[in-house]
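Structure, as structure tokens:
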Number of protein chains: 2
Amino acid sequence: MAPILNALDHEMSKLSHMERKLAERILASPGEVIHMGIRELAEQCGTSPATVTRFCKVFHFKGFPDFKVKLAAEIAQSDYGLQDGSSSYQDIVAGNPLSVIVEAMQSNHLASIRDTTSLLNIERLESVVDLLCKARRIDLYGMATSSIVAQDFYQKLIRIGVNCTAFSDSHMQITSASTLSKGDVAFAISYSGETPETIDALSCAGASGASTIALTSYGSSTLATNADIPLFSSSLEQGMRRGDMASRIAQLHIIDILFTGMVSTRFKDYIPKLEQSYLNVQQYRHKRGGQMK
Amino acid sequence: MAPILNALDHEMSKLSHMERKLAERILASPGEVIHMGIRELAEQCGTSPATVTRFCKVFHFKGFPDFKVKLAAEIAQSDYGLQDGSSSYQDIVAGNPLSVIVEAMQSNHLASIRDTTSLLNIERLESVVDLLCKARRIDLYGMATSSIVAQDFYQKLIRIGVNCTAFSDSHMQITSASTLSKGDVAFAISYSGETPETIDALSCAGASGASTIALTSYGSSTLATNADIPLFSSSLEQGMRRGDMASRIAQLHIIDILFTGMVSTRFKDYIPKLEQSYLNVQQYRHKRGGQMK
DNA sequence: CAAAACAAGAAAATTATTTTCATATTTAGA
DNA sequence: TCTAAATATGAAAATAATTTTCTTGTTTTG
């Protein structure tokens with residue numbers, strides 16, 4: 001599966017002192033090594049370029065550049081392998097070089113999307129899509145980070161002519177919620193599921209007769225319990241305070257599924273509007289560009 | 001699926017005669033090209049090494065060796081993907097059942113994050129993180145979908161006490177841009193890289209003396225060309241009008257990396273602020289909850 | 001305890017890549 | 001149409017990267 005890195009590890013005992021240092025460095029972060037020069041790698045291992053070249057030849061590569069290209073290919077493949085199975089969330093701590101952050105972030109976001117997808121309940125999603133399609137009016141509630149997700153959904157829905165509004169002001173949320181009635185939908189978003197403003201708004205909407213949907217991180221939360229239909233994004237390990245980054249990506253993933261589901265089931269109604277809104281923006285731009293010249 | 005080869009194909013019309021020959025040769029058998037020297041490739045295309053180097057820079061690579069390593073990684077990925085067929089971007093069409101949509105969406109979002117990560121230039125990211133950390137003031141520009149990304153970044157930066165603002169109003173963008181000066185940073189976001197309002201704002205910011213950063217989809221665009229430092233998220237096949245969904249996820253992925261990079265390099269300055277802002281929100285809520293009961 | 005074998009770096013040689021510069025070609029404007 | 005500017009391109013110089021050679025010091029072995 002990973003012939004090169006495997007070989008480095010396995011042949012470790014047969015290598016000389018400096019060669020072992022090289023092998024260790026490469027195994028530690030191969031992703032970094034493929035972007036290094038021979039001089040740089042040698043320095044980092046307290047050795048000389050000559051030794052690096054010899055090292056590459058020991059493993060039957062033409063030279064260092066050849067080694068890099070082959071290693072890059074191997075890494076790309078094994079990164080891909082992450083897709084099936086091992087999903088681990090990495091916490092990010094002080095002083096990490098950017099290359100480590102990039103890898104950790106990729107790993108977190110991939111895991112987050114995968115985990116969220118596997119938690120999805122198709123039937124429940126279908127009910128939500130159906131409710132949203134039939135809704136006379138849709139209210140979106142979300143504070144802080146979750147307001148970003150709400151705004152995103154809002155922009156999408158507007159483009160297909162759905163009557164909806166996104167609120168991040170807690171007073172406006174409640175005000176709007178109290179004017180909803182049967183056939184309307186309130187859609188509340190909260191990472192923790194414990195944001196009091198959002199809980200209040202959704203409860204109020206439910207009391208007014210609207211259907212209520214909650215999108216929160218997986219686990220029993222007040223918001224999810226109060227909703228007619230709860231949807232869940234994957235939750236990260238507790239205490240990872242910076243973990244709402246992956247969660248937001250997962251929530252947007254769900255939003256995309258819901259939106260695409262709406263467009264797909266009501267193709268004939270929505271697609272022309274989507275095309276039209278796209279073209280209108282283009283045309284407006286063109287006109288403006290012409291005027292400016 | 002294959003951002004580099006895709007870009008070569010897609011940008012073909014914008015390339016010059018010799019550059020097109022190069023693109024064609026590379027597309028014909030990329031697997032061969034990654035094992036060639038610059039001289040060899042030049043010869044096979046009846047051109048000079050100089051043109052090859054320039055060609056690589058057009059596509060924002062550091063140089064020919066950098067191009068080879070990145071291409072090797074991409075080929076390895078797509079080869080692997082062919083085995084289970086799940087790695088390509090899927091377009092979503094009418095009447096698809098939700099289960100298909102869910103799978104397609106997962107595939108798209110995963111591919112988007114992986115592709116974007118593989119395109120990242122660590123040194124460039126480091127420069128951006130450095131600029132952002134040292135900035136006296138940061139302006140964020142983005143229209144429509146991109147304003148969501150800008151808002152997201154804004155919320156993060158505010159939490160660590162950075163002096164910044166996110167604009168989606170084109171007049172405000174320009175107004176603010178013209179008041180920037182040396183030591184300030186303008187950060188523009190656009191999926192297409194051709195949003196006129198955003199281009200104007202970034203140019204204006206540059207003229208005012210600020211450092212300019214662009215975040216766009218991969219490929220040569222006006223916005224990227226005008227920026228001091230361009231950053232790229234992976235681009236989808238043309239014509240996939242609903243494709244900005246994956247792009248937005250990829251852009252948020254980059255924002256997360258930048259933000260985490262800032263926090264990580266300036267741990268001592270930022271973390272206390274981050275903790276404090278978190279605790280303050282909690283405390284405020286608790287107080288409010290008490291009063292209401 | 002020598003002689004052979006090996007490891008490893010310094011520096012030279014080679015090779016690869018990038019940049020500069022001069023020239024040819026195309027494009028845009030008068 | 002002609003000229004000026006912009007662009008494209010290759011030759012060659014400059015730079016950088018890599019490999020090889022040569023030397024030295026170390027370990028191993030008889």
Side-chain angles (χ1 to χ4, degrees), chain A residues 4 8 11-26 30 32-72 289-290 292-293, chain B residues 4 7-8 11-26 30 32-73 121-124 127 203 219-222 224-226 230:
Chain A
I4 301 172
L8 294 196
E11 306 290 312
M12 193 76 86
S13 56
K14 293 179 191 162
L15 297 175
S16 68
H17 181 61
M18 282 300 153
E19 285 172 341
R20 190 172 306 189
K21 274 194 167 181
L22 282 169
E24 277 163 1
R25 175 68 189 83
I26 294 162
E32 262 174 61
V33 173
I34 58 173
H35 295 115
M36 287 180 182
I38 197 173
R39 193 181 301 257
E40 198 180 348
L41 177 59
E43 242 167 56
Q44 284 194 14
C45 298
T47 184
S48 66
T51 303
V52 178
T53 293
R54 276 190 291 261
F55 175 85
C56 293
K57 301 217 162 149
V58 167
F59 289 92
H60 303 106
F61 295 97
K62 263 180 70 183
F64 182 62
D66 185 45
F67 172 75
K68 276 201 298 189
V69 168
K70 302 254 167 75
L71 183 61
M292 288 188 82
K293 261 203 182 157
Chain B
I4 300 172
L8 294 197
E11 307 289 320
M12 193 76 86
S13 56
K14 293 182 191 160
L15 296 176
S16 68
H17 182 62
M18 283 300 154
E19 286 172 340
R20 191 172 305 189
K21 276 194 167 182
L22 283 168
E24 277 163 2
R25 174 68 190 84
I26 294 161
E32 264 173 61
V33 173
I34 58 174
H35 295 115
M36 288 180 182
I38 197 172
R39 193 181 301 259
E40 197 179 351
L41 177 60
E43 244 167 56
Q44 285 196 14
C45 299
T47 184
S48 66
T51 303
V52 178
T53 293
R54 276 190 292 258
F55 175 85
C56 294
K57 301 219 162 145
V58 167
F59 289 92
H60 306 284
F61 295 97
K62 261 180 71 184
F64 183 62
D66 184 45
F67 172 75
K68 277 201 297 189
V69 168
K70 301 256 166 74
L71 183 61
N121 177 324
I122 299 283
E123 280 150 48
R124 201 176 285 170
S127 315
S203 303
S220 61
S221 67
T222 311
T225 310
N226 282 1

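Quick note on labels: first sequence line is chain A, next is B, and so on, each numbered from 1.
The CZ atom of A:Arg54 sits 10 Å away from the P atom of D:dT20 (whole-angstrom rounding). Rounded to whole Å, atom C1' of C:dA7 lies 13 Å from atom CG of A:Leu22. B:Asp66 places its CG atom 12 Å from the P atom of C:dT17, with the value rounded to the nearest Å. Protein atom CG of B:Leu15 is 10 Å distant from nucleotide atom P of D:dA8, rounded to whole Å. Between A:Met36 atom CE and D:dA17 atom P the separation is 14 Å, expressed in whole Å. Nucleotide C:dT18 holds its P atom 14 Å from the CZ atom of B:Phe55, rounded to whole Å. The CG-C1' distance, from B:Leu41 to C:dA16, rounds to 13 Å in whole Å. Computed from coordinates, the B:Arg39 CZ to C:dT14 P distance equals 14 Å when rounded to whole Å.
If you find the closest nucleotide of DNA chain D to B:Pro49 and to B:Ser16, the one lying nearer the 5' end belongs to B:Ser16.
If you check C:dA10, C:dT17, D:dT9 against the side chain of B:Phe64, the one that comes closest is C:dT17. Distance from the side chain of B:Ile38 is smallest for C:dT18 among the nucleotides D:dT21, C:dT18, D:dT19. Comparing C:dG9, C:dT20, D:dT9 by their nearest atom to the side chain of B:Ala50 picks out C:dT20. Among the nucleotides C:dA8, D:dG10, D:dT18, the one closest to any side-chain atom of A:Thr51 is C:dA8. Comparing D:dA11, D:dT9, C:dG9 by their closest approach to the side chain of B:His17 singles out D:dT9. With C:dA16, D:dT18, C:dT18 as the choices, the nucleotide that has an atom nearest any side-chain atom of B:Pro65 turns out to be C:dT18.
For B:Thr51 and B:Ser48, the side-chain atoms include at least one donor-acceptor pair closer than 3.5 Å.
Crowding of B:Arg20 atom CZ: a count of heavy atoms from other residues, nucleotides or ligands under 6.0 Å exceeding 12. Residue A:Lys62 qualifies as open at atom NZ: its count of foreign heavy atoms under 6.0 Å is 12 or below.
Applying the side-chain contact (heavy atoms from CB on, under 4.5 Å) test between B:Phe67 and each of B:Ile26, B:Thr53, B:Ile38, B:Ile34 identifies B:Ile26 as the sole match.
Look at B:Lys57 and you won't find any side-chain N or O under 4.0 angstrom from OP1 or OP2 of C:dT18. Residue A:Ser48 places none of its side-chain N or O atoms closer than 4.0 Å to OP1 or OP2 of C:dA8. Contact check, B:Thr47 against D:dT9: no side-chain N or O comes under 4.0 Å of OP1 or OP2.
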Handout entry: Steps toward salt bridge (Lys or Arg N to Asp or Glu O under 4.0 Å) verdict (A:Glu32, A:Arg25)
Key = CA-CA 10 Å; A:Glu32 262 174 61; A:Arg25 175 68 189 83; 2.9 Å; yes
